[in-house]
Number of protein chains: 2
Amino acid sequence: MKQRLAAIGTVETLPHRVAAFLSREIESGELNPGARLPTEQELSEKFGVSRNVVREAIAQLRADGVIEARQGIGAFVLAPEQRAAIRIDREALKDTHNMERLFELRCILEAESAALAAARRNREHLDSIKAALDRMGGEERWEEGSIDADLLFHREIARATGNNYIHTFISFVCEQIRHSIHYARMTNPLHDLVEINVGEHVRIYDALVAGDPAASEAAMRAHIVGAANRVGVKLPLPKANGAK
Amino acid sequence: MKQRLAAIGTVETLPHRVAAFLSREIESGELNPGARLPTEQELSEKFGVSRNVVREAIAQLRADGVIEARQGIGAFVLAPEQRAAIRIDREALKDTHNMERLFELRCILEAESAALAAARRNREHLDSIKAALDRMGGEERWEEGSIDADLLFHREIARATGNNYIHTFISFVCEQIRHSIHYARMTNPLHDLVEINVGEHVRIYDALVAGDPAASEAAMRAHIVGAANRVGVKLPLPKANGAK
DNA sequence: ATGATACATATCATCCTACAACTACCTTCG
DNA sequence: CGAAGGTAGTTGTAGGATGATATGTATCAT
């Protein structure tokens with residue numbers, strides 16, 4: 001858990017800061033696709049860092065498909081759809097509105113995945129899910145261990161779909177929401193009172209055991225809407241009020 | 001478009017190769033979470049590259065949250081759920097089975113997003129979608145320009161949800177599928193015969209204009225299942241056969 | 001003997017210089 | 001006027017040097 005906290009409060013290394021700066025310049029439109037970045041030397045002078053640091057920053061942007069560097073010419077901004085990775089800005093997570101959007105995305109992903117999981121889960125999957133459920137029941141409050149169990153519960157369900165990409169995406173989104181809640185709690189301690197609703201989880205588990213896709217989807221949807229509400233986010237989903 | 005091709009056939013730079021090697025070692029389980037990586041010097045000797053190259057590779061892995069470097073100690077492998085970015089291995093895209101999984105994920109994302117878009121789209125959104133639709137209709141064959149228009153069509157619908165994360169995720173998944181199909185076509189030229197079904201797109205657009213979430217979702221789902229079939233992928237989705 | 005302090009070591013973080021590889025542009029020569 | 005070649009600028013790679021930080025060890029006072 002110390003690891004986790006260390007990862008959250010990551011020290012801002014120099015290359016990271018340079019990359020974040022350039023990334024925002026691109027995101028905000030100051031550097032349009034096709035535009036050429038300043039040379040590495042210019043950047044190193046501008047930021048007051050060595051060329052090495054600039055290179056590490058550029059290497060990161062290039063790995064993400066944000067820019068393309070061509071030897072002898074320079075580095076150029078690529079179109080947004082050419083991104084090779086999805087990366088979510090930590091700063092943006094501090095905005096409640098973005099947390100709402102994340103919950104919305106999560107609801108879309110997890111609800112239907114729950115239906116898939118219900119159709120494909122096997123004994124081993126159910127056992128893993130049950131184990132996470134039991135760990136969660138131990139504590140009622142929104143404690144670290146309880147949150148871990150909660151996330152594990154959702155990851156295990158995602159794994160039961162047998163689709164590794166679904167697992168990756170759901171894990172990622174859940175983790176981003178975790179961070180977002182983490183920030184919200186720091187600025188507003190009231191959230192400490194929030195509890196994890198075990199009953200909602202049990203209903204999801206039961207539906208998965210029964211192998212009922214529709215019930216699993218409905219239970220998952222209700223749970224995520226409930227979870228969002230408990231942290232102060234209202235989810236205005238059309239599907240939630242029965243556009244079946 | 002030349003840019004696009006250049007990006008696909010990206011020259012493998014040394015840091016990229018080192019990062020890919022380490023990444024696979026972690027993915028395959030040879031380096032478990034918590035394990036310590038060799039020192040930068042050891043790695044530079046092992047791969048026969050300068051320490052600078054190793055550092056750029058490590059910077060990349062660290063930015064993705066795959067490893068965590070701690071000054072004075074070393075670099076350690078993090079747990080998969082701590083990843084800060086989603087990145088899909090290009091090699092894996094060459095596997096047809098993975099393409100099927102991607103289509104499944106795409107269907108989940110886009111179907112429900114289409115419902116959201118139907119509820120929230122405004123005039124400007126509809127115009128953008130229509131523009132993409134018109135571009136697509138010009139050519140019948142699966143040509144580059146037509147594919148671009150197709151992807152743009154889907155991106156514009158994702159944008160109409162008003163949720164930037166949904167837009168990002170859908171764009172990303174679509175682009176991965178594009179690459180996957182690209183590879184499939186190289187090894188199996190038969191796929192050249194595949195056409196884009198304009199009718200399916202029109203049905204989606206009409207439902208969006210009508211502002212009908214359920215119809216939009218159904219049309220989108222049917223379209224993606226159809227698109228998957230046309231490239232030789234069968235989607236066994238429970239929702240597809242009426243688990244409403 | 002024990003505990004605390006200081007030192008040595010290992011490792012990452014950053015900086016610096018140099019050269020190689022590549023590209024665009026300009027010059028020069030036929 | 002055209003083409004070959006040279007030159008400057010930029011990224012790619014190499015290697016070493018120094019600073020910052022954590023770990024382990026040795027020394028010393030109590």
Side-chain angles (χ1 to χ4, degrees), chain A residues 1-7 9-23 25-26 31 34-78 84, chain B residues 2-3 5-7 9-23 26 31 34-78 82 84:
Chain A
M1 208 43 42
K2 195 163 41 177
Q3 268 189 347
R4 168 73 46 78
L5 293 180
T10 288
V11 277
E12 280 212 343
T13 177
L14 244 35
H16 180 263
R17 264 156 61 175
V18 172
F21 185 93
L22 291 175
S23 187
E25 239 177 9
I26 292 172
L31 283 170
R36 192 184 142 215
L37 267 66
T39 68
E40 295 178 352
Q41 193 170 8
E42 284 170 346
L43 288 174
S44 74
E45 287 168 6
K46 174 179 177 184
F47 292 111
V49 298
S50 79
R51 198 188 138 206
N52 222 315
V53 168
V54 172
R55 278 197 61 79
E56 280 190 28
I58 287 185
Q60 180 188 322
L61 295 178
R62 196 167 55 161
D64 288 357
V66 175
I67 65 174
E68 179 187 28
R70 278 148 69 166
Q71 188 168 349
I73 312 178
F76 301 87
V77 180
L78 291 178
Chain B
K2 192 163 41 175
Q3 269 187 344
L5 295 181
T10 289
V11 275
E12 281 213 342
T13 176
L14 280 180
H16 180 263
R17 264 159 57 177
V18 172
F21 185 93
L22 292 176
S23 186
I26 292 172
L31 285 171
R36 190 180 145 231
L37 266 68
T39 68
E40 294 178 351
Q41 193 169 10
E42 285 169 346
L43 287 175
S44 75
E45 289 169 4
K46 175 179 176 183
F47 292 111
V49 298
S50 80
R51 225 194 61 151
N52 228 320
V53 168
V54 172
R55 276 198 63 79
E56 280 189 30
I58 287 185
Q60 189 178 312
L61 295 178
R62 195 165 56 160
D64 287 359
V66 174
I67 66 175
E68 177 188 29
R70 280 150 70 169
Q71 192 168 343
I73 311 179
F76 300 86
V77 179
L78 291 178
Q82 294 182 253

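The sequence lines fix the lettering, A, B, ..., with proteins before strands; numbering per chain opens at 1.
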Atom-to-atom span, CD of A:Gln71 to P of D:dT11 - whole angstrom: 10 Å

Whole-Å distance separating the CG atom of A:Leu37 from the P atom of D:dG12: 12 Å

Residue-phosphate contact under 4.0 Å: A:Arg51 side-chain N/O, D:dT11 OP1/OP2: no

Of A:Gly72 and A:Glu56, the one whose closest DNA chain C nucleotide lies more 5': A:Glu56

Side-chain heavy atoms of A:Glu56 within contact of A:Thr13, under 4.5 Å: no

Sugar-phosphate only, base, or nothing, as touched by A:Leu14 at under 4.0 Å among non-hydrogen atoms: sugar-phosphate

Atom CD of A:Glu25 with >12 non-hydrogen neighbours under 6.0 angstrom: yes

Side-chain N or O of A:Ser44 closer than 4.0 Å to phosphate OP1/OP2 of C:dC15: no

Separation of D:dT11 P from A:Glu68 CD (nearest whole Å): 13 Å

Side chain proximity check, A:Ser23 to A:Leu61, heavy atoms < 4.5 angstrom: yes

Nucleotide nearest A:Ile73 when distance is taken to its side chain, options C:dA24, D:dA14, D:dT10: C:dA24

Worked check of side chain to side chain contact (heavy atoms under 4.5 Å, CB included) between B:Leu43 and B:Ile58: CA-CA 10 Å; B:Leu43 287 175; B:Ile58 287 185; 4.2 Å; yes

Nearest-angstrom distance from the residue atom CZ of A:Phe47 to P of C:dC15: 13 Å

Protein-nucleotide distance (B:Gln41, atom CD; C:dA13, atom C1'), rounded to Å: 15 Å

Spacing of B:Arg70 atom CZ relative to C:dA13 atom P, expressed in whole Å: 12 Å

Selected nucleotide, minimal atom distance to A:Ser50 side chain, candidates D:dT11, C:dC15, D:dA14: C:dC15

Under-4.0 Å side-chain N/O to phosphate OP1/OP2 contact, A:Arg62 with D:dG12: yes

Short side-chain N/O contact from A:Arg55 to OP1 or OP2 of D:dG12, under 4.0 Å: yes

Interatomic distance where CZ belongs to A:Arg17 and P belongs to C:dA13 [whole Å]: 14 Å

Nearest-neighbour nucleotide for the B:Asn52 side chain, C:dC16, C:dC12, D:dA22 considered: C:dC16

Residue pair B:Ile67 / B:Leu37, side-chain heavy-atom distance below 4.5 Å: yes

Whole-Å gap separating P (D:dG9) and CD (A:Glu45): 14 Å

